[in-house]
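One structure below.
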Amino acid sequence: MPDIKPQLGVILCDLDSYPVDYIECLTPDAPGISNNPVGFFENPTSWQGLPVAYAVARGARVEPLVAGEPEAIDAFWAASEKLAHCPLVITDCGFFFYARKDTRRTANVITSGLDLLPIASVLSNKDIGVLTVSETLAAKLLADHALSPRIVIAGMESEPGWATMLTNDHALGNGWDQEMLKEGVASVVKREFGPGGRLENIGVLVLECTLLPEFRQEIRKYTSVPILDIASFALNALGKGFDVGEAPAPVGPALSR
């Protein structure tokens with residue numbers, strides 16, 4: 001019996017560099033929607049053999065999205081409708097969590113790594129760390145969260161290249177590269193998990209920014225606490241997870257419209 005290969009849906013922020021509003025990448029080597037490297041959600045090779053469908057949330061440009069503006073949230077819901085056929089949908093920006101403040105609901109979407117905070121709360125009775133692209137913006141977003149008294153936030157925005165991710169155009173080559181981003185992660189987690197650091201005594205870490213999961217190994221050098229992120233959740237939910245069998249075989253070409 002052939003393997004069943006569930007399709008992951010990914011809602012993307014609105015970038016001018018995306019040539020289409022919807023694309024299906026049914027094999028890891030299918031042409032993606034951008035030229036960003038492996039590790040970025042919009043690169044289908046990042047998903048270890050899972051077929052992926054992408055829907056661009058037109059109107060959810062980065063700056064309105066991180067401010068929680070209504071047009072960005074409306075764009076999220078419109079994109080989620082295009083991915084209703086996917087058993088699991090995630091997003092490429094943790095600030096899509098603003099959609100959780102809306103009265104509308106969808107059964108198949110995890111808006112952000114911040115959706116994993118309730119899981120984090122039962123993994124430890126200590127504080128919950130949140131590593132984010134922006135401490136200021138994340139603090140605003142989580143101010144009224146039920147777990148707010150237990151949340152400790154550390155941001156990446158002061159590190160070289162990371163502030164670019166908060167602008168409407170953060171395409172590859174726009175003042176950053178992966179090594180620069182990695183060095184920033186190492187700098188922050190070394191400081192914050194070290195003596196006197198804000199994350200020194202947390203019991204679990206949640207990654208808000210979707211650029212952070214590709215640097216889990218770097219983060220792991222500085223802490224032994226459980227780390228939760230949206231990408232690892234999706235790969236375990238739809239992929240082989242703990243199974244040590246061979247990776248899924250390609251299932252077909254890319255489709256776009």
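Between atom CD of residue Glu63 and atom CD of residue Glu69 there is a gap of 9.5 Å, rounded to the nearest 0.5 Å. Summarising the geometry, atom OG1 belonging to Thr132 is positioned 7.5 Å from atom CD belonging to Glu157; distances are rounded to the nearest 0.5 Å. With values rounded to the nearest 0.5 angstrom, Ser80 atom OG is found 7.5 Å from Asn108 atom CG. Atoms CZ and OG1, on Phe97 and Thr111 in that order, are 5.5 Å from each other to the nearest 0.5 Å. Here CD of Glu214 is found 10.0 Å from CD1 of Ile219. Values are rounded to the nearest 0.5 Å. One finds the OG1 atom of Thr223 at 7.0 Å from the CG atom of Leu205 (value rounded to the nearest 0.5 Å).
Val206 has its side chain within reach of Ile128: a pair of non-hydrogen atoms, C-beta onward, lies under 4.5 Å apart.
Checking side-chain atoms of Arg61 against main-chain N and O of Leu15 turns up no donor-acceptor pair under 3.5 Å. Between the side chain of Glu42 and the backbone N or O of Asn36, no donor-acceptor pair lies under 3.5 Å. For Ser187 (side chain) and Gly184 (main-chain N/O), no donor-acceptor pair under 3.5 Å exists by modelled atom type. With Arg198 contributing its side chain and Ala154 its backbone, the two residues share no donor-acceptor pair below 3.5 Å. Judged by distance alone, with hydrogens and angles left aside, the side-chain atoms of Ser124 form no donor-acceptor pair with the main-chain N or O of Val204 at under 3.5 Å. Between the side chain of Glu159 and the backbone N or O of Leu181, no donor-acceptor pair lies under 3.5 Å.
Shortest non-hydrogen contact noted between Ile23 and Ile33 is CG2-CD1, 3.9 Å. Closest non-hydrogen pair, Ala143 versus Ser148, comes out as O-OG, 3.6 Å. When all heavy atoms of Cys93 and Cys13 are compared, the pair lying nearest together is CB-SG, 3.6 Å.
A salt bridge does not link Arg58 to Glu71: none of the charged side-chain nitrogens sits closer than 4.0 Å to a carboxylate oxygen.
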Please list, one pair per line, the donor and acceptor atoms closer than 3.5 Å that link side chains of residues 229-239 to other protein atoms, with sequence neighbours excluded.
residue, atom, partner, partner atom, Å
Asp229, OD1, Ala231, N, 2.9
Asp229, OD1, Ser232, N, 2.7
Asp229, OD1, Ser232, OG, 3.3
Asp229, OD2, Arg216, NH1, 2.5
Asp229, OD2, Ser232, OG, 2.7
Asn236, ND2, Ser232, O, 2.8

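Hydrophobic clustering places Ile202 together with Ile119 (ILVMFWY residues linked when any side-chain heavy atoms are closer than 4.5 Å, directly or through intermediates). The cluster map of Ile, Leu, Val, Met, Phe, Trp and Tyr, joined by side-chain heavy atoms under 4.5 Å apart, puts Met180 and Val188 in the same cluster. Val52 and Val38 are members of different hydrophobic clusters when ILVMFWY side chains are connected at heavy-atom separations under 4.5 Å.
Below 30°, between 30° and 60°, or above 60°: for Phe41 and Trp47 the angle between ring planes is above 60°, a perpendicular geometry. Relative ring orientation between Phe76 and Phe96 is described as tilted, the plane-to-plane angle lying within the 30° to 60° band.
With sequence neighbours excluded, no residue forms a side-chain contact (heavy atoms from CB on, under 4.5 Å) with Ser158.
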